[in-house]
Amino acid sequence: MAPVSRDRRPSMNDKPEGKDRQVTEITPQSEDFSAWYIDVVRRAELADYSPVKGCMVIRPYGYAIWELIQQALDRRIKETGHVNAYFPLFIPEGLLTKEAEHVEGFAPQVAYVTHGGGEKLEERLIVRPTSEAIIGTMYAKWIQSWRDLPVLINQWANVVRWEKVTRPFLRTTEFLWQEGHTAHETEAQAEEETLKILDLYKDTIESELAVPVLTGRKSESEKFAGALRTYSIEALMGDGRALQAGTSHNLGQNFARAFDITFQARDKSLQHVWGTSWGVTTRLIGAVVMVHGDDNGLMLPPRIAPYQVVIVPIPRGNWQQTVLPRARELRASLQTAGIRVTMDDRDTYTPGWKFAEWELRGVPLRLEIGPRDIEQSQVMLVRRDTREKLPTPVEGLARRVEELLAMIQASLFETALRFRDEHTTRTDSYEEFKRIMEGRPGFVVSLWCGSQKCETDIKTETQATIRNLPFRDPGQPISGSCIKCGQPAREVAYFAKAY
RNA sequence: CGGGAUGUAGCGCAGUCUGGUUAGCGCACCUGACUGGGGGUCAGGGGGUCGCCGGUUCGAAUCCGGCCAUCCCGACCA
């Protein structure tokens with residue numbers, strides 16, 4: 001990650017001065033979606049670049065969004081019987097290497113600690129890229145009997161994966177996430193847990209972030225290193241590229257064997273536990289930006305908006321004595337109703353400037369109040385998504401605001417869903433497939449023979465990858481042929497260019 | 001890690017080719033006044049180791065060498 005590209009915009013010196021100057025400081029989406037994304041993240045003060053390569057600072061406004069996402073997820077994770085714990089950041093190198101596929105998958109991305117206390121370490125430590133190794137080690141100590149199962153632990157943590165190409169929220173060297181790690185008595189229970197969490201993710205992300213997601217299973221080549229099966233939720237961004245928004249892994253007994261996590265079963269035999277792990281990350285914030293944002297900036301779903309309403313008092317005459325006290329009363333009454341509200345009473349900016357600024361920051365509802373409104377016992381509400389201006393009586397204001405917030409939440413989801421539907425194409429023609437993947441692609445649903453060769457060839461030729469394989473009725477066999485090789489198909493697959 | 005490009009104020013850039021006063025411009029920032037219902041106007045002001053190290057020269061942002069960083073494009077990833 002790095003300073004924003006320098007050659008993107010023409011020099012201000014080349015432009016006419018004054019009124020013709022571009023005012024938003026945000027590159028239009030249509031001109032350069034990546035630049036637009038970076039501009040929004042920085043101008044909305046979600047995050048900033050740090051002096052450490054690939055690492056970003058999550059600023060208070062961005063972190064507040066993360067906290068709301070956390071709360072929504074944490075509540076659901078606990079409601080389904082899980083408990084939180086915390087495992088260490090450092091993992092002895094030897095532990096990571098116990099599971100062969102796991103170490104092979106993560107070795108290139110691991111950061112090592114070689115010195116501590118001024119001395120070279122006997123055994124190098126790795127900075128966790130994920131915590132299967134350390135948690136598995138502990139589970140081996142804690143689990144003796146079938147009566148100890150299931151173990152359902154989640155942790156909120158930071159992890160480090162050395163990345164070559166980084167982008168704020170979407171891919172950074174260090175990121176925040178939650179990782180659940182469970183151990184079960186039977187394979188069926190592990191599978192049930194894996195799928196239960198996938199649904200939990202889908203529900204949370206759709207109802208709180210208003211981001212529609214596709215659930216399904218990852219192909220062999222895209223699954224988690226060391227897992228039996230990986231399931232994912234996939235979302236479509238505004239530029240037609242897919243983003244993996246969360247994963248849930250059925251680890252089988254792979255880690256149990258590697259870390260010797262055994263229990264005595266009901267039939268007195270000694271068995272390995274069946275494991276799962278699952279996580280979502282701060283990448284979700286990137287998804288929210290790219291799914292809902294527009295050329296005016298960020299657009300936040302009310303449920304995760306740090307401020308659901310911003311009050312802008314209109315300064316006229318001695319407004320500090322007339323308008324401001326009324327605005328404060330309104331703020332208090334909205335707060336009492338449980339609405340997250342802020343007031344921008346800065347004297348140094350004009351109302352017009354504030355309107356643009358808070359739209360850029362994605363606040364769902366703006367409340368304007370000036371002398372004219374006070375005379376008529378009303379306020380002016382303005383929706384971020386439609387920019388509709390709604391004169392609203394002060395009487396019953398809080399209830400009306402709550403209604404509008406719910407409408408905005410629903411509308412954002414519907415708009416995103418419609419966009420995804422419009423950018424999802426079913427095809428059996430590889431020519432059409434290739435054509436769709438040019439420009440602003442989207443999802444393509446096609447049949448696949450299941451061979452890794454076809455998967456790789458498609459990626460080479462179109463940059464598209466299998467995002468996941470949707471769930472289907474096992475009773476319904478697939479008839480048709482692979483989009484690439486024409487052999488009998490064994491899977492339906494969602495393809496897309498991915499982040 | 002391979003190919004291409006760029007490092008000058010918080011951001012975006014000019015100046016470098018052709019070495020020479022005190023390194024400029026727009027935005028942002030600070031002070032004041034007038035303003036204020038969609039990014040106001042005027043006046044004044046602050047802010048720079050010119051990526052780093054070394055060399056050439058009376059003199060280096062500018063020329064030479066090395067290093068570092070970042071961005072874009074190709075192989076890996078939540």
Side-chain angles (χ1 to χ4, degrees), chain A residues 1-27 32 34-35 38-39 42-43 48-49 51-54 104-109 129-130 159-167 169-179 201 218 221-222 224-225 230 232-235 243-249 278-287 296-297 312-317 319 323 346-360 366 368-373 379-380 382 387 389 391 459-460 463 465 498-499:
Chain A
M1 217 168 313
V4 178
S5 154
R6 268 124 203 258
D7 54 5
R8 179 174 86 240
R9 279 191 292 258
S11 161
M12 286 299 192
N13 288 339
D14 300 341
K15 291 195 165 183
E17 305 290 324
K19 300 276 188 276
D20 293 315
R21 194 177 58 81
Q22 188 176 351
V23 290
T24 64
E25 305 165 39
I26 293 178
T27 308
D32 183 341
S34 299
I38 300 288
D39 288 347
R42 297 193 76 181
R43 271 296 280 115
D48 200 359
Y49 296 102
V52 185
K53 177 180 157 57
E104 191 188 328
F106 278 104
Q109 291 186 281
T130 178
V159 288
V160 167
R161 298 180 186 178
W162 222 255
E163 297 286 353
K164 296 184 174 159
V165 182
T166 58
R167 292 225 277 161
F169 293 114
L170 302 178
R171 177 162 300 110
T172 48
T173 298
E174 178 188 9
F175 57 91
L176 305 183
W177 75 347
Q178 60 66 217
E179 50 178 326
Y201 284 160
K218 282 292 192 182
S221 66
E222 298 261 342
F224 178 71
T230 289
S232 75
I233 47 174
E234 306 278 334
L243 183 76
Q244 180 170 301
T247 47
S248 185
H249 317 291
W278 27 274
V280 298
T281 77
T282 37
R283 170 182 265 194
L284 289 175
I285 296 172
N296 294 316
V312 179
I314 304 302
R316 274 282 179 86
W319 66 284
V323 178
R346 289 176 291 181
D347 195 22
T348 44
Y349 295 98
T350 61
W353 189 91
K354 292 176 185 175
F355 298 166
E357 181 69 10
W358 290 106
E359 279 175 12
L360 193 156
R366 176 172 76 244
E368 302 173 17
I369 177 163
R372 295 207 297 264
D373 302 302
V379 298
M380 188 67 80
V382 186
R387 303 182 100 194
K389 297 204 169 191
K459 184 177 182 183
T460 308
Q463 291 179 37
T465 50
Y499 273 96

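The sequence lines fix the lettering, A, B, ..., with proteins before strands; numbering per chain opens at 1.
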When we call it a touch if two heavy atoms are under 4.0 Å apart, what does [X] touch: a base, just sugar-phosphate, or nothing?
| X | value |
| --- | --- |
| A/Thr281 | base |
| A/Val382 | base |
| A/Pro108 | nothing |
| A/Tyr349 | base |
| A/Gly370 | base |
| A/Arg346 | nothing |
| A/Leu170 | base |

Worksheet item: Rounded to the nearest Å, what distance is computed from the CZ atom of residue A/Arg387 to the P atom of nucleotide B/G37?
Response: 15 Å

Can you find a donor-acceptor N/O pair under 3.5 angstrom joining the side chain of [X] to the base of [N]?
| X | N | result |
| --- | --- | --- |
| A/Lys389 | B/G38 | yes |
| A/Asp347 | B/G36 | yes |
| A/Arg366 | B/G37 | no |

Worksheet item: Between A/Thr350 and B/G40, is there a side-chain N or O to OP1/OP2 distance below 4.0 Å?
Response: yes

Discussion item. Does A/Trp162 have more than 12 heavy atoms from other residues, nucleotides or ligands lying within 6.0 Å of its CH2?
Written reply: no

